[in-house]
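Atoms considered below: every heavy atom in the structure, side chains included; atoms not considered: hydrogens, waters and symmetry mates. In this text the structure is predicted, and so the values were computed from the model without any measurement.
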Amino acid sequence: MQRRTLVTCGLPYANGPAHIGHLRTYIPADLFVRSLRKQGKDTTFVCGSDAHGTPIVINAEELGVTPAELVQKYHDHFDETFKSLNIIFDKFGNTESDTNHNRTTEIVNTLIANGYVFSQNIELAYCPTCNRFLPDRYVEGVCPDCGAVARGDECDQGCGKHLEPGEILEPLCKICRSKAEYRIQEHFFFKLSEFKGFLSDYLDKLGGTSNARNYAKGWVEGELHDWCITRNLEWGVRFPDHENLVVYVWVDAPIGYVSFTEEWAGEHGIDWKKYWMNPGGDTDIIHFIGGDIIYHHCIFWPAILKGAGYTLPRAVVASGMVKIGDKTFSKSRGYVVWVNDDYLDKGFHPDLLRYYLASYTSHTKELNFSWKVFQEKVNNELVGTLGNFVYRTLLFAHKNFGTVPEGDIDPEVMEKIGDARGAVIEAFNEYEFKRGIDAAMNLAAFGNVYFQSNEPWQLIKTDALGAGKVVRNCLQIVKALAIIFEPVMPTTASAAWAQVGMDAGLNGASYDEATVEIAVGQPIPKPAMLFAKIEDRAIQDMEEILEERVSKAVKKKHVTFEEFSELDIRIGTIVAAEPIKKSKKLLKLLVDLGENRDRQIVAGIAETHKPDDLVGRQVVVLANMQPAKLFGVESRGMILAGGSDSGGAILLMPEREVPAGTAVA
RNA sequence: AGCGGGGUAGGGUAGCCAGGAUAUCCCGUCGGGCUCAUAACCCGAAGAUCGAUGGUUCAAAUCCAUCCCCCGCUACCA
């Protein structure tokens, strides 16, 4: 009985357009699926939009649309974008579908029935002004572990820890900015801690890339906390029997993998349970994800599946992140390359990007996107090596023969083809996409050597039969190249396939077909070049667009007088100063601002100023700076100073002594 | 400081998890060839004490330990 494979991709969050970073996961996944099919494996490929969670609700509120409308917009966007890049899913679903609601409810009920869910009254941030509880990113505050400013579900700017509801300190409502209070409410928890032993064994056997496995193991060895799986939201999948609660988005999002399979299977009269309710059965589930969601896929998800009696994933393949100029993608900072605006709409061929992203470096490593490198790879490898070999062969064959000429295939050529095919298949099966593509490109390089050293352009003058033999061998290599490059560059490979005169479409051709001798007499039409060089001009344009975006993002906006008036700037007198333990740059100051009590202010001037020299001096203070904790020390105000990267802080001081608390405007 | 990723010829990059003989590929440099081909292709050369030190081993870029440096994100209230 042949095993089935189900491949999934991490769900794009339906809250913004696709950028190149997304594709680091989807392109290799598509390549992998195409490669499995070329090996004759029964393969299904599903993905869909992640529709829930607080960021979508908040964003929709700000835009004045419903969450459903916002989700639909980006769902359509991703669906179209993936299709334009030839990333073809059997099903591209949406976690807001009825199927997903039903499947999530069923799984949650099963977990409850199996005793893996318990309720607990917990203190939660509640906004008295907005009159509601504040889940996840509705609340901002201070991380209980590291003291950094954090959002409700994660210390995103500090230690990176996942925060459970109620853990955050000094909560602030993100909607109205007013101070939140704590209220007690019943919530539901998943007994993740009970799965520690199971996860430990499971991860040892988990396939995929080592980065996913190792990262997850590190967490399992530590303490696993039970996991709060309900939220106070309207938008999402209702928690059974609780009108005011939905399940946490990280529960219903991966369940999308199940429900999308279900929807696809329903459309084709297939039993989806063979895939998902068949532990130890004959289905291999393989998740392709970005390196940022390993925790959810290697810890939460298998525990849920185990707890509900579903099939466990066999492998998790985690891709490295994409950066630009060593900086992480960031919309607000302008470090972003949009798939549509910056690539497809500029007329670049999708296959070029597929090739670049899949072949530049190992799948698990960070990839530094660069237009320059993109151009180099296209011009040297695709145009110079692959495109040139195919074109010189086809043009020569077309001009001199018009059909595939007679002549034996050299055993050496067949062997090279067989080796290349073997290396490609093996590498792709091991998620080593670069290695596989290099092996394929080697075959093209060999083609150039073969053509060059056999000099058919000389032979044709004296020995037409000899020239014909060389040409047929080269055509055999072109045919093989079309097959082994098809997973990487489907459109271009199909064009090459048609150019060697093959009748049937390339899509159905298996890897085995690469060593089937090309039929003598098959017509060779006038070829067209597969790839065009990318001109320097085009690359310069793209680099300029990126630079402009970054500089625009960095530029500070104008403030109105009203906005400026909101700043409470005053002169203060320093009455005490001491260093802060473990910090290099910070001093703890007590400043007289003409108020009843002196203010405690933390200032980053320890490298340039000694505490003793500061006492008694007058400084300019921003008095209504949002309070913050630095190294555990509270700061209620900010000392104004001039600063350069080299010179350190230069304190601003009044011209002559004035009463403490004097206003500055 | 925390977390993450790195240090391999002039630049970029593979190999490292599963240790082996001349360390991969692309660009650049130098010399030669070819003229079928998109000024492309082919052959050859120079260029690397694989960040440092110590250890394990018959054998280390690869495993272990310590240290140094770089980058990103945060972060020291500029």
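- With C41(B), U38(B), C27(B) as the candidates, the nucleotide lying closest to the side chain of V383(A) is U38(B).
- In this structure, N388(A) places its CG atom 14 Å from P of C26(B), rounding to the nearest Å.
- V449(A) comes within 4.0 angstrom of sugar-phosphate atoms only, judged by non-hydrogen atoms across all strands, and of no base.
- Rounded to whole Å, atom P of G4(B) lies 11 Å from atom CD1 of I294(A).
- Across U38(B), G33(B), G5(B), the shortest atom-to-atom separation from the side chain of E366(A) is found for G5(B).
- The nucleotide whose nearest atom lies closest to any side-chain atom of K365(A) is, among C41(B), C26(B), C16(B), C16(B).
- Among the candidates I324(A), V337(A), V336(A), L367(A), the single residue satisfying the side chain to side chain contact (heavy atoms under 4.5 Å, CB included) test with I20(A) is V337(A).
- Of the two residues near RNA chain B, T385(A) and R213(A), the one whose nearest nucleotide lies more 5' is R213(A).
- Across all strands shown, G72(B) forms a Watson-Crick or G-U wobble pair with C3(B), both key distances being under 3.5 Å.
- A salt bridge does not link D201(A) with K205(A): none of the charged nitrogens is closer than 4.0 Å to a carboxylate oxygen.
- Between the CG atom of L475(A) and the P atom of C36(B) there is a distance of 18 Å, rounded to whole Å.
- Here G384(A) lies in heavy-atom contact (under 4.0 Å) with sugar-phosphate atoms only.
- Nucleotides C73(B) and A21(B) are separated by 43 Å at their C1' atoms, to the nearest Å.
- Base pairing of C67(B) is made with G51(B), judged by Watson-Crick or G-U wobble geometry with both donor-acceptor distances under 3.5 Å.
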Evaluate side chain to side chain contact (heavy atoms under 4.5 Å, CB included) for E412(A) paired with F446(A), printing each intermediate quantity in order. CA-CA 11 Å; E412(A) 189 206 0; F446(A) 168 75; 3.8 Å; yes

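- The pairing partner recorded for A9(B) is none, the criterion being a Watson-Crick or G-U wobble arrangement whose two distances lie under 3.5 angstrom.
- Atom CG in L382(A) sits about 12 Å away from atom P in C41(B), given to the nearest Å.
- The residue among Y391(A) and N380(A) whose nearest nucleotide of RNA chain B lies closer to the 5′ end is N380(A).
- Between F433(A) and H363(A), the ring planes are perpendicular. Angles over 60° get that label, and only those under 30° would be called parallel.
- Atom C1' of nucleotide A39(B) and atom CE of M529(A) are separated by 13 Å, given to the nearest angstrom.
- Taking the C1' atoms as reference points, G11(B) lies 14 Å from A48(B), given to the whole Å.
- Taking the C1' atom of each, A52(B) and G10(B) are spaced 23 Å apart, rounded to whole Å.
- Separation of the C1' atoms belonging to U57(B) and U62(B) is 13 Å when rounded to the nearest angstrom.
- Between the C1' atom of C41(B) and the CG atom of L386(A) lies a distance of 14 Å, rounded to the nearest Å.
- A donor and an acceptor atom, one from each side chain of T209(A) and T364(A), are nowhere located under 3.5 Å apart.
- Pairing partner, A45(B): U29(B), with both Watson-Crick or wobble hydrogen-bond distances short of 3.5 Å.
- Residue F396(A) and nucleotide C36(B) are not classified as a stacked aromatic pair, given the requirement of ring centres less than 5.5 Å apart at an interplanar angle below 30°.
- Straight-line distance between the P atoms of A1(B) and C76(B): roughly 16 Å, to the nearest whole Å.
- Taking atom P in both G7(B) and C16(B), the straight-line distance is 13 Å, to the nearest Å.
- Base pairing of U38(B) is not made with any nucleotide, judged by Watson-Crick or G-U wobble geometry with both donor-acceptor distances under 3.5 Å.
- Of the candidates C34(B), G4(B), G15(B), G15(B) carries the atom nearest the E432(A) side chain, counting heavy atoms from C-beta on.
- To the nearest whole angstrom, the two P atoms, one in G6(B) and one in U13(B), are 11 Å apart.
- Using Watson-Crick or G-U wobble geometry with both donor-acceptor distances under 3.5 Å, C58(B) finds its partner in G20(B).
- Q458(A) comes within 4.0 angstrom of sugar-phosphate atoms only, judged by non-hydrogen atoms across all strands, and of no base.
- Under the 30°/60° scheme for interplanar angles, the aromatic rings of F485(A) and Y355(A) are found to be tilted.
- Of the candidate nucleotides C34(B), G15(B), G72(B), G15(B) has the atom lying nearest to any side-chain atom of S362(A).
- With distances taken from any side-chain atom of E376(A) to the nucleotides G4(B), G12(B), C27(B), the minimum falls on C27(B).
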Would you please test D410(A) and K469(A) for salt bridge (charged side-chain N to carboxylate O under 4.0 Å, His left out) and show each step? CA-CA 9 Å; D410(A) 270 330; K469(A) 185 193 160 205; 3.1 Å; yes

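- S453(A) comes within 4.0 angstrom of no nucleic acid atom, judged by non-hydrogen atoms across all strands.
- For E455(A) and C42(B), the CD to P distance is 14 Å, given to the nearest whole Å.
- Across all strands, N448(A) comes closer than 4.0 Å only to sugar-phosphate atoms, never to a base (heavy-atom distances).
- A donor-acceptor pair shorter than 3.5 Å cannot be found between the side chains of N368(A) and Y360(A).
- Comparing the C1' positions of C71(B) and C25(B) gives an interatomic distance of 24 Å, to the nearest angstrom.
- In this entry the distance linking CZ of F446(A) with P of C42(B) reads 12 Å, nearest Å.
- In this structure, of G4(B), U13(B), C34(B), it is U13(B) that holds the atom nearest to the side chain of Y360(A).
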